[in-house]
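What follows is a short report on a single structure.
A, B, ... follow the sequence lines: proteins, then strands. Residue 1 opens every chain. Note that these values count all heavy atoms, side chains included, but never hydrogens, waters or copies made by symmetry.
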Amino acid sequence: MHDIRAIRENPAAFDAALSRRGLPGASSEILALDADRRAKIAAAETAAADQNKASKEVGAAKARGDDAEFERLRALVAEKKAEIARLTAEADAEDARLRDLLMRIPNLPHADVPTGKDEDDNVEIRAWGTPRQFNFAPVEHFDIPGVKPGMDFETAAKLSGSRFVVLKGAVIRVHRALAQFMLDTHITEHGLTEMWTPVLVKEDAMYGTNQLPKFAEDSYQTTNGWWLIPTSEVTLTNTVAGDLLDETALPIRMTAHTQCFRSEAGSAGKDTSGMLRQHQFEKVEMVSITTPDTSMAEHERMTRCAEAILEKLGLPYRTIVLCTGDMGFGAQKTHDMEVWLPGQNRYREISSVSVCGDFQARRMNARFRPASGGKPEFVHTLNGSGLAVGRCLIAVLENGQQADGSVDLPVVLHPYLGGKTRIAADGTLQ
RNA sequence: GGAGAGGUGGCGGAGUGGUCGAUCGCGCCGGUCUCGAAAACCGGAGUAGGUGCAAGCCUACCGUGGGUUCGAAUCCCACCCUCUCCGCCA
């Protein structure tokens with residue numbers, strides 16, 4: 001959410017930043033509402049002050065037996081009370097409207113971020129690895145002979161419909177190994193703290209990390225009001241909601257491996273085959289809570305944490321910085337890692353690492369007390385995939401496929417597979 | 001699901017109708033003492049909103065929303081959340 005004061009102080013800069021995202025200016029509407037709201041608050045507070053004054057005097061009037069004054073003040077209090085009720089109701093309504101308006105406006109892009117319209121304007125900042133040369137035509141993950149016995153979309157459709165999968169045998173073991181490998185690397189080499197969180201959350205948490213109010217249709221809700229998390233960014237970030245932390249506690253670096261649930265509303269017809277885009281998938285997420293002056297450095301650090309996983313797995317990737325038009329709602333700046341998928345002959349997103357500044361912290365009311373002893377300030381929040389496990393499985397399978405239909409598996413996974421090194425063409429782990 | 005207890009400032013914990021935004025302890029900040037530190041002692045400090053160049057002033061906030069009252073942290077109602085015991089259960 002945006003700081004109304006910052007908009008008041010510099011409406012032109014606010015509109016200019018929105019314009020970089022390809023959005024119309026909003027400051028004039030916001031400021032008109034804000035001015036109206038403040039006038040109402042001032043009127044309500046003046047009336048409240050009058051009431052408080054009369055309330056204090058009424059006791060004294062009664063004590064000295066001045067009945068006329070007592071009755072006059074009593075009537076005045078009653079009158080002010082009605083006035084206050086009316087004015088605060090109006091002020092509250094405008095405040096709610098303003099808050100809702102501010103809640104629905106995306107974060108402003110960091111100065112570093114290239115201006116652009118869509119993904120064509122994203123900028124590659126580095127690439128790692130060389131796509132392997134195949135002496136046969138590589139296929140997509142679901143067509144690899146060794147994978148087919150362990151990846152069953154028909155049975156999943158019977159159980160749940162489209163965009164679900166049943167995994168079996170060697171394939172799910174590799175999937176599980178990947179998640180374990182990612183977590184272990186993050187906790188032992190990257191200094192993140194492993195967490196395990198609920199996947200059902202209250203509405204407040206979804207507001208905190210900006211899934212709500214604008215993107216309700218992208219997530220699922222239970223009949224009793226819980227939401228299924230679309231990412232553990234929601235739970236990890238909201239662990240500090242409402243807190244006032246000591247600066248010495250920062251940065252807080254967390255990671256969690258959870259199920260994620262997405263309705264994929266609006267992606268009908270996109271990535272319909274294979275397990276690239278599912279309603280239910282697993283992700284190892286990273287979240288950092290930092291001070292304002294360390295968040296940009298943390299963004300680079302977190303990006304490296306994600307890249308390290310890909311490098312250890314030997315998966316060629318490129319890292320891009322998203323342009324203003326392609327960034328997500330809450331981000332100030334985003335790095336996407338795209339992994340090479342030989343079956344599709346292209347790079348596909350496997351991780352997205354974003355710095356949100358105080359955008360989410362303001363929604364969650366998550367603050368820290370500076371070590372210098374000043375006023376509490378909002379923390380900065382960052383989140384990134386490290387990595388999407390299902391997509392990583394796809395990448396490992398497609399990049400490791402062999403002419404005979406088998407799949408060679410990355411060396412770093414072998415210890416997680418009981419020393420096995422490949423999925424044979426018949427689907428067995430060998 | 002049944003029964004009970006409770007939600008107060010960074011934390012713990014008092015306060016049951018009127019100078020209570022709130023006793024006290026811990027923690028925090030400043031000072032005295034000390035070579036320095038600890039301890040001890042003295043002093044300071046809530047959060048948010050509004051208004052003002054500023055000092056300041058005003059308003060709100062004791063889980064949330066209503067109500068009673070001239071006046072509510074304190075009384076009443078509803079809701080939310082947490083904890084304990086019982087039952088059930090992965």
Side-chain angles (χ1 to χ4, degrees), chain A residues 1-9 30-99 101-102 196-208 212 221-227 235 238-250 252 259 289 291 358 361-379:
Chain A
M1 192 170 71
H2 292 285
D3 183 2
I4 183 66
R5 281 177 210 213
I7 301 172
R8 249 183 244 153
E9 275 163 31
I30 290 167
L31 292 182
L33 193 52
D34 180 48
D36 225 42
R37 162 187 157 269
R38 284 196 288 164
K40 293 265 167 43
I41 288 171
E45 290 186 350
T46 303
D50 290 345
Q51 189 204 343
N52 288 344
K53 193 153 160 272
S55 286
K56 275 194 182 128
E57 287 167 3
V58 80
K62 178 146 199 173
R64 64 171 184 269
D66 188 344
D67 287 346
E69 182 65 359
F70 177 74
E71 287 306 328
R72 187 187 73 80
L73 289 168
R74 229 161 83 127
L76 182 65
V77 166
E79 179 194 318
K80 287 294 169 190
K81 207 167 149 178
E83 191 181 338
I84 292 162
R86 179 175 56 80
L87 288 168
T88 51
E90 288 173 13
D92 287 352
E94 304 224 311
D95 199 62
R97 268 180 63 207
L98 180 63
R99 199 177 158 77
L101 194 59
L102 291 173
W196 187 86
T197 74
V199 297
L200 294 170
V201 297
K202 296 192 276 190
E203 191 171 69
D204 285 352
M206 295 286 278
Y207 272 94
L212 294 177
Q221 191 175 23
T222 66
T223 51
N224 66 343
W226 282 322
W227 290 83
T235 44
N238 276 286
T239 55
V240 298
D243 285 354
L244 180 50
L245 304 160
D246 278 332
E247 183 172 351
T248 52
L250 303 175
I252 298 171
Q259 302 282 343
I289 312 294
T291 58
D358 63 7
R362 185 171 283 109
R363 289 168 166 252
M364 297 188 299
N365 193 28
R367 298 168 299 163
F368 73 99
R369 198 180 287 286
S372 59
K375 285 256 175 195
E377 293 179 44
F378 289 114
V379 297

Should A/Trp227 and A/Thr222 be marked as a side-chain contact (heavy atoms from CB on, under 4.5 Å) after you check the CA-CA gap, both sets of side-chain angles, and the distance that decides it?
CA-CA 6 Å; A/Trp227 290 83; A/Thr222 66; over 6 Å; no
For the pair A/Thr248 and A/Asp246, evaluate side-chain hydrogen bond (donor to acceptor under 3.5 Å, both in side chains) and give the outcome as yes or no after the intermediate values.
CA-CA 5 Å; A/Thr248 52; A/Asp246 278 332; 4.6 Å; no
Chi angles and distances behind the side-chain contact (heavy atoms from CB on, under 4.5 Å) call for A/Val379, A/Asp358:
CA-CA 6 Å; A/Val379 297; A/Asp358 63 7; over 6 Å; no
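Computed from coordinates, the A/Asp204 CG to B/U82 P distance equals 12 Å when rounded to whole Å. Separating the CD atom of A/Glu203 from the C1' atom of B/C80 is a distance of 13 Å, rounded to the nearest angstrom. Rounded to whole angstrom, the span from the CD atom of A/Gln51 across to the C1' atom of B/A60 amounts to 13 Å. Straight-line distance from the CG atom of A/Asn365 to the C1' atom of B/A48: 9 Å, rounded to whole Å. If you measure from atom CG of A/Asp92 to atom C1' of B/G66, you get 14 Å, rounded to the nearest angstrom. One interatomic measurement links the two molecules: CD of A/Glu94 to P of B/G50, which rounds to 14 Å at whole-angstrom precision. What separates CZ of A/Arg369 from P of B/A45 is a distance of 14 Å, to the nearest Å. Protein atom CD of A/Glu377 is 15 Å distant from nucleotide atom C1' of B/U47, rounded to whole Å.
Nucleotide B/A22 forms a pair with no other nucleotide shown, judged by Watson-Crick or G-U wobble geometry with both contacts under 3.5 Å. With a cut-off of 3.5 Å on both Watson-Crick or G-U wobble distances, the partner of B/U16 is given as none. Applying the Watson-Crick and G-U wobble criteria (two distances, each under 3.5 Å), B/U68 pairs with nothing in any strand. Across all strands shown, B/A5 forms a Watson-Crick or G-U wobble pair with B/U82, both key distances being under 3.5 Å. Partner assigned to B/G46 is B/C61, using Watson-Crick or G-U wobble distances below 3.5 angstrom. Across all strands shown, B/U51 forms a Watson-Crick or G-U wobble pair with B/G56, both key distances being under 3.5 Å.
A close approach under 4.0 Å does occur between a side-chain nitrogen or oxygen of A/Arg5 and OP1 or OP2 of B/G49. Contact check, A/Lys202 against B/C81: no side-chain N or O comes under 4.0 Å of OP1 or OP2. For B/U51, one of the phosphate oxygens OP1 or OP2 lies less than 4.0 angstrom from a side-chain nitrogen or oxygen of A/Arg38. Between A/Lys375 and B/A48 there is a side-chain polar atom (N or O) within less than 4.0 angstrom of OP1 or OP2.
In this structure, of B/U69, B/G50, B/C70, it is B/C70 that holds the atom nearest to the side chain of A/Val77. Across B/G50, B/A48, B/C81, the shortest atom-to-atom separation from the side chain of A/Arg37 is found for B/G50.
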Polar atoms only, N or O, under 3.5 Å: list the protein pairs with nucleotides 53-59 of chain B and their distances.
| unit_1 | atom_1 | unit_2 | atom_2 | d |
| --- | --- | --- | --- | --- |
| B/U59 | OP1 | A/Asn52 | ND2 | 3.0 |

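B/G44 and B/G9: their C1' atoms are spaced 16 Å apart (whole Å). Remark: the separation of the P atoms in B/A37 and B/C29 is 13 Å, to the nearest Å. Distance check on atom C1': B/G15 versus B/C86 gives 34 Å, rounded to whole Å. As rounded to the nearest Å, B/U16 and B/G67 have P atoms that lie 26 Å from one another. Separating the C1' atom of B/G87 from that of B/A3 is a span of 11 Å, rounded to the nearest Å. Between B/C20 and B/C61, the distance separating the two C1' atoms is 13 Å to the nearest Å. A distance of about 8 Å separates the P atoms of B/A39 and B/G27, rounded to the whole Å. Rounded to whole Å, the separation between the P atoms of B/G46 and B/G52 comes to 23 Å.
Heavy-atom minimum distance, A/Gln259 versus A/Val199: O-CG1, 3.8 Å. Considering every non-hydrogen atom in both A/Pro370 and A/Glu247, the closest pair reads CA-OE1, 3.2 Å.
Salt bridge A/Glu83/A/Arg86: absent, no basic N to carboxylate O contact under 4.0 Å. The residues A/Asp95 and A/Arg99 are annotated as not salt-bridged, no charged nitrogen and carboxylate oxygen being separated by less than 4.0 angstrom. Look at A/Asp243 and A/Arg367 and you find no salt bridge, because none of the NZ, NE, NH1 or NH2 atoms lies under 4.0 Å from a carboxylate O.
Contact annotation for A/Arg8: backbone-only contact, meaning every heavy-atom pair under 4.0 Å involves sugar-phosphate atoms and none involves a base. Base engagement by A/Lys81 is indicated by at least one non-hydrogen atom pair under 4.0 Å involving a base atom.
Between A/Ile41 and A/Leu244, it is A/Leu244 whose nearest contact on RNA chain B lies nearer the 5' terminus. In terms of position on RNA chain B, the residue among A/Ala42 and A/Arg367 whose nearest nucleotide sits closer to the 5' end is A/Arg367.
Looking at A/Asn238, its side chain does come within 3.5 Å of a backbone N or O of A/Ala205 through a donor-acceptor pair.
Counting heavy atoms from C-beta on, the side chains of A/Trp226 and A/Gln221 never come closer than 4.5 Å.
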